[in-house]
Number of protein chains: 2
Amino acid sequence: MATERNTAQRRAILEGLARTAGFISARDLHAAVGGQGTTVSLATVYAQLRRLVEAGQVDVVMTERGESLFRRCATDAHHHHLSCRECGATVDIDAPLLERFTAELGERTGYDDLSHVLELTGRCPACRAQ
Amino acid sequence: MATERNTAQRRAILEGLARTAGFISARDLHAAVGGQGTTVSLATVYAQLRRLVEAGQVDVVMTERGESLFRRCATDAHHHHLSCRECGATVDIDAPLLERFTAELGERTGYDDLSHVLELTGRCPACRAQ
DNA sequence: GTTTGTGCAAATATTTTGCACTTGA
DNA sequence: TCAAGTGCAAAATATTTGCACAAAC
């Protein structure tokens with residue numbers, strides 16, 4: 001039985017994920033965790049993320065460029081957000097348009113049990129001003 | 001104006017894609033093309049695929065492992081895919097609704113340089129029938 | 001004390017790039 | 001002719017792995 005050890009690095013990574021609103025790359029998570037007290041190697045970030053994904057505690061999506069993005073699984077209500085790729089500021093988004101879109105899609109394609117992941121990134125007004 | 005030159009390599013790559021039923025990786029396409037008379041370098045396969053993708057003549061999807069898969073496609077517009085989580089079958093989706101949504105979002109939030117990752121999964125009619 | 005996790009550096013895999021050479025129009 | 005395309009090898013990017021050491025239990 002593989003019991004997870006409660007190491008300082010694992011704690012730091014879980015906190016980093018908890019502090020993050022949406023999806024985050026391994027590289028960015030590594031940077032975010034490094035900013036705090038503990039230092040964690042990138043290899044350990046990957047190792048922990050892999051365990052968390054296997055345990056079903058973390059979600060993964062692939063960007064178009066082949067980069068994996070991770071987030072702790074949300075059990076709460078389904079919603080989306082837009083986050084600034086420079087400063088990390090996030091804005092919540094009500095997406096009735098998107099929900100309608102998926103519903104329509106099911107009818108048109110014959111697929112059912114549809115689910116979607118939408119990750120939006122951009123540059124916020126403050127960062128743009130610089 | 002970028003006019004595409006009709007090189008032997010480009011022809012071989014297009015024929016390779018035409019001979020392929022579904023999606024194919026750059027590596028496999030390179031191997032398939034090499035089997036025929038002409039030899040084409042892997043770098044050229046990538047270069048041509050990139051042009052074809054930019055021209056909207058070829059589709060790309062990402063595997064879970066971050067490998068790009070290509071296939072010649074009918075639609076020219078930017079679009080996404082809905083894939084069956086059981087058998088992997090993929091359907092093209094034109095998403096003018098989504099594009100409009102992101103454009104609107106930019107105006108409403110003041111964010112610019114928006115990009116999105118949209119992952120759609122469901123169960124296809126064939127798998128549902130079982 | 002044993003087993004799991006960590007960190008480093010090196011390996012792997014995919015894709016891109018710099019640059020000299022070739023070729024299509 | 002000459003810009004666009006090609007091929008090679010090297011670089012860039014993302015992720016994994018081997019192995020010695022450290023730490024959790």
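Residue numbers begin at 1 in each chain, while the letters A, B, ... track the order of the sequences.
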Residue whose nearest DNA chain D nucleotide is more 5′ - A:Gly66 or B:Gln48: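 Nearest nucleotide further toward 5': that of B:Gln48.
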query: Is B:Asp59 salt-bridged to B:Arg72, cutoff N-O under 4.0 Å?
result: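 Here B:Asp59 does not pair with B:Arg72 in a salt bridge, since their nearest N and O are not under 4.0 Å apart.
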Expressed as a whole number of angstroms, how long is the span from [X]:[atom1] to [N]:[atom2]?
| X | N | atom1 | atom2 | value |
| --- | --- | --- | --- | --- |
| B:Ile24 | C:dT15 | CD1 | P | 13 Å |
| A:His30 | D:dT13 | NE2 | P | 16 Å |
| B:Leu42 | D:dC8 | CG | P | 11 Å |
| B:Leu49 | D:dT6 | CG | P | 11 Å |
| B:Asp28 | C:dA13 | CG | P | 14 Å |
| B:Tyr46 | D:dT13 | OH | P | 16 Å |
| B:Leu29 | C:dT14 | CG | P | 14 Å |
| A:Arg51 | C:dT3 | CZ | C1' | 12 Å |

Between N or O atoms, less than 3.5 Å apart, protein on one side and nucleotides 21-25 of chain D on the other: list the pairs.
from, atom 1, to, atom 2, distance (Å)
D:dA24, N3, A:Arg5, NH1, 3.2
D:dA24, N3, A:Arg5, NH2, 3.4
D:dC25, OP1, A:Asn6, N, 3.2

message: Is it the case that over 12 heavy atoms from other parts of the model lie below 6.0 angstrom from the CZ atom of A:Arg27?
response: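 12 or below, so no.
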A:Arg65, CZ: over 12 other non-hydrogen atoms inside 6.0 angstrom: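 It does not: A:Arg65 CZ has 12 such atoms or fewer within range.
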message: Mind checking if B:Ser68 touches a base, just sugar-phosphate, or nothing, with heavy atoms under 4.0 Å?
response: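 Sugar-phosphate contact only - B:Ser68 comes under 4.0 Å of backbone atoms but never of a base.
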- prompt: Do B:Thr121 and B:Ser83 have a side chain donor and acceptor closer than 3.5 Å?
  reply: no
task: Say whether B:Thr44 and B:Arg10, considering side chains only, have a donor N or O and an acceptor N or O under 3.5 Å apart.
output: no
Presence of [X] side-chain N/O under 4.0 Å of [N] phosphate oxygens OP1/OP2:
| X | N | answer |
| --- | --- | --- |
| B:Gln9 | C:dT22 | no |
| A:Arg65 | D:dT15 | no |
| B:Arg27 | C:dT12 | no |
| B:Thr44 | D:dG7 | yes |

query: Applying the 4.5 Å side-chain criterion to the ILVMFWY set and letting contacts propagate, would B:Leu69 and B:Ile13 be lumped into a single cluster?
result: no
field: Test item: B:His116 and A:Leu118 side chains (from C-beta on) under 4.5 Å apart, heavy atoms
entry: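 B:His116 reaches A:Leu118 side chain to side chain.
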- prompt: What bend angle does the helix from C:dG1-D:dC25 to C:dA25-D:dT1 show across its length, from five-pair end axes and to the nearest 10 degrees?
  reply: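 Result, rounded to 10 degrees: 30°.
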- request: For B:His81 and B:Val61, work out which heavy atoms get closest and say how close.
  value: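 That would be ND1-CG1, 3.4 Å.
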ring-ring contact (aromatic ring centres under 6.0 Å, His included) contacts in which one or both residues fall within residues 5-35 of chain A, not counting sequence neighbours: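 Non-adjacent pairs meeting ring-ring contact (aromatic ring centres under 6.0 Å, His included): zero.
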